[in-house]
*Asks:* 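Take this structure first; my questions come after.
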Amino acid sequence: MASIKIEHRHALSSSEAKNRLQALGDYLSRRHGVNVAWTSENSASVRGKYLIVNIEGKVELAEGSIRFEGKDPGVLWRSKAKKYLEGKLAQYFSANTPLGSLPRG
């Protein structure tokens, strides 16, 4: 299975990063119907469908970074999917943006 991989570095504490990942999960669930389910303390599975693209992957929190690895949506959607996910990670993991101001859906 081909996959896309994204790693986003951040300067947040582990608990702040997890809170922000939960906020992003709420947003994706409410806005796009994408299910985010925690599989352990620092990882979650992501599954759903957005438009015609099936989304399936795993998110892992590590010290100073968040990693996403998921099923490659194909050549037509790959760059758009990466750009969208990278933009959301940059938005939700910016220390300049208060957690309370992040959209949840």
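Numbers here simply count residues along the sequence, with the first being 1.
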*Asks:* Quick one, Ser45 and Thr39 - any side-chain contact, counting heavy atoms below 4.5 Å?
*Replies:* yes
*Asks:* If every non-hydrogen atom of Ala17 is compared with every non-hydrogen atom of Leu12, which pair is closest and at what distance?
*Replies:*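 The pair with the smallest heavy-atom distance is N-CB, 4.3 Å.
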*Asks:* Is there a donor-acceptor pair closer than 3.5 Å between any side-chain N or O of His32 and the backbone N or O of Val34?
*Replies:*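 Side chain of His32 to backbone of Val34, a donor-acceptor pair under 3.5 Å: no, none is there.
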*Asks:* Given side chains that start at C-beta, do those of Leu102 and Tyr27 come closer than 4.5 Å, heavy atoms only?
*Replies:* no
*Asks:* So which atom in Ser43 and which in Glu60 form the shortest heavy-atom distance, rounded to 0.1 Å?
*Replies:*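 Ser43 and Glu60 have their closest heavy atoms at CB-CG, 3.9 Å.
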*Asks:* Among all residues two or more places apart in sequence or in another chain, which pass the salt bridge (Lys or Arg N to Asp or Glu O under 4.0 Å) test with Arg104?
*Replies:* Asp26
*Asks:* Provide the full list of side chain to side chain donor-acceptor pair (under 3.5 Å) pairs with a residue in residues 91-103, sequence neighbours left out, each pair given once.
*Replies:*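 For residues 91-103: Lys88-Gln91.
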*Asks:* Answer whether the closest heavy-atom distance between the side chains of Leu99 and Arg20 falls below 4.5 Å.
*Replies:*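 Yes; the side chains approach each other to less than 4.5 Å.
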*Asks:* I'd like to check Asn35 versus Val46 (side-chain heavy atoms, cut-off strictly below 4.5 Å). Are they in contact?
*Replies:* no
*Asks:* Looking at every non-hydrogen atom in both residues, tell me the closest pair between Phe93 and Leu61 and how far apart they are.
*Replies:*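 Of all heavy-atom pairs spanning Phe93 and Leu61, the closest is CE2-CD2, 4.3 Å.
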*Asks:* Tell me, please, which residues at least two apart from Glu7 pass salt bridge (Lys or Arg N to Asp or Glu O under 4.0 Å).
*Replies:*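 For Glu7 the salt bridge (Lys or Arg N to Asp or Glu O under 4.0 Å) partners, ignoring immediate neighbours, are Arg9, Arg67.
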*Asks:* Is the NZ atom of Lys58 crowded by more than 12 outside heavy atoms at less than 6.0 Å?
*Replies:*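 For Lys58, atom NZ is not crowded (no more than 12 foreign heavy atoms under 6.0 Å).
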*Asks:* Indicate yes or no: at least one non-hydrogen side-chain atom of Glu63 is less than 4.5 angstrom from one of Ser14.
*Replies:*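 A side-chain contact under 4.5 Å exists here.
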*Asks:* Is the charged tip of Lys82 near the ring of Trp77: under 6.0 Å from the six-membered ring centre and within 45° of its axis?
*Replies:* no
*Asks:* Would you mind reporting whether Pro73 and Ile4 have side-chain heavy atoms less than 4.5 Å apart?
*Replies:* yes
*Asks:* Determine whether Arg78 and Val75 make a side-chain contact, defined as any pair of heavy atoms from C-beta on separated by less than 4.5 Å.
*Replies:* yes
